[in-house]
Amino acid sequence: MADFTVRVELHDATSQDYENLHQVMTSSGFQRSIISTEGIRYNLPEAEYDFSSESLGLESVLDKAIALVNSITNNRSIFITQSKGRMWVGLKKSA
């Protein structure tokens, strides 16, 4: 299983654009939170997503993200990393 972190920035966007982005991304398997090794779920920063796949590689995840984000706007930046491990500090626990 490969894990990816996907960061999206919509340029000249409204808050509704970001709400639409969250709906599109989460309905396609991108999560707005991450689970620690202890099983605790933490919220990711705004417009950052976690995505896991057994079959997709980095380029395919980027292509998927591009298609989803382009349904909102093509005036965007997308940055994706494939994880070999993650650490964080300061993320808030999900409710």
Side-chain angles (χ1 to χ4, degrees):
M1 177 83 67
D3 295 314
F4 304 89
T5 302
V6 180
R7 172 76 177 127
V8 178
E9 182 178 346
L10 304 179
H11 305 293
D12 300 318
T14 65
S15 59
Q16 185 61 53
D17 291 331
Y18 275 100
E19 287 302 316
N20 294 341
L21 174 69
H22 298 323
Q23 284 181 340
V24 167
M25 296 295 280
T26 57
S27 69
S28 296
F30 292 81
Q31 302 297 313
R32 294 184 66 197
S33 60
I34 192 167
I35 300 175
S36 71
T37 55
E38 295 83 17
I40 301 169
R41 183 175 296 275
Y42 292 90
N43 295 325
L44 290 170
E46 186 68 21
E48 192 159 316
Y49 303 90
D50 177 59
F51 184 78
S52 298
S53 177
E54 292 184 14
S55 60
L56 297 179
L58 191 58
E59 188 173 344
S60 296
V61 174
L62 176 60
D63 290 342
K64 182 179 179 82
I66 288 170
L68 293 168
V69 176
N70 281 354
S71 72
I72 308 301
T73 181
N74 62 2
N75 190 11
R76 77 301 188 249
S77 299
I78 302 170
F79 183 79
I80 299 179
T81 57
Q82 185 171 350
S83 174
K84 290 193 179 200
R86 301 179 195 185
M87 297 179 78
W88 59 83
V89 64
L91 296 181
K92 296 184 191 234
K93 289 182 184 179
S94 293

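Note that the coordinates shown come from a computational prediction; the quantities given were computed from them, not determined experimentally.
For I35, the side chain to side chain contact (heavy atoms under 4.5 Å, CB included) partners two or more places apart in sequence, or in a different chain, are R41. Considering only residues two or more places apart in sequence or on other chains, T14 meets the side chain to side chain contact (heavy atoms under 4.5 Å, CB included) condition with Q16, D17. R86 meets the salt bridge (charged side-chain N to carboxylate O under 4.0 Å, His left out) test with D50; sequence neighbours excluded. Every residue two or more places apart in sequence or in another chain was checked for a side-chain hydrogen bond (donor to acceptor under 3.5 Å, both in side chains) with S28, and none qualifies. Residues satisfying the side-chain hydrogen bond (donor to acceptor under 3.5 Å, both in side chains) criterion with S94, sequence neighbours excluded, are N43. For S77, the side chain to side chain contact (heavy atoms under 4.5 Å, CB included) partners at least two apart in sequence or on another chain are E9, H11. Taking M1 as the reference, D3, S52, E54 meet the side chain to side chain contact (heavy atoms under 4.5 Å, CB included) condition, with sequence neighbours excluded. Evaluation of the side-chain hydrogen bond (donor to acceptor under 3.5 Å, both in side chains) rule for S53 yields no partner, not counting sequence neighbours.
Taking Ile, Leu, Val, Met, Phe, Trp and Tyr as hydrophobic and joining them when side-chain heavy atoms fall under 4.5 Å apart, one finds V89 isolated, its cluster having no other members. Membership of the apolar cluster around V24 extends to F4, V6, V8, L10, Y18, L21, M25, F30, Y49, F51, L56, L58, V61, L62, I66, L68, V69, I72, I78, I80, as traced through chained side-chain contacts below 4.5 Å between ILVMFWY residues.
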Would you check, one step at a time, whether the test side-chain contact (heavy atoms from CB on, under 4.5 Å) holds for Q82 with T5? CA-CA 7 Å; Q82 185 171 350; T5 302; over 6 Å; no
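Taken from CD in Q31 to OG1 in T26, the straight-line distance is 7.5 Å, to the nearest 0.5 Å. The line from OG of S33 to CD1 of I40 is 13.0 Å long, rounded to the nearest 0.5 Å.
For the pair L91/P45, a side-chain contact is recorded, criterion being any heavy-atom separation below 4.5 Å from C-beta on.
Annotation: ring pair (Phe, Tyr, Trp, His ring centres under 6.0 Å) contacts involving residues 61-95, sequence neighbours excluded, comprise Y42-W88. Counting only residues at least two apart or in different chains, salt bridge (Lys or Arg N to Asp or Glu O under 4.0 Å) contacts with residues 18-33 comprise R32-E46.
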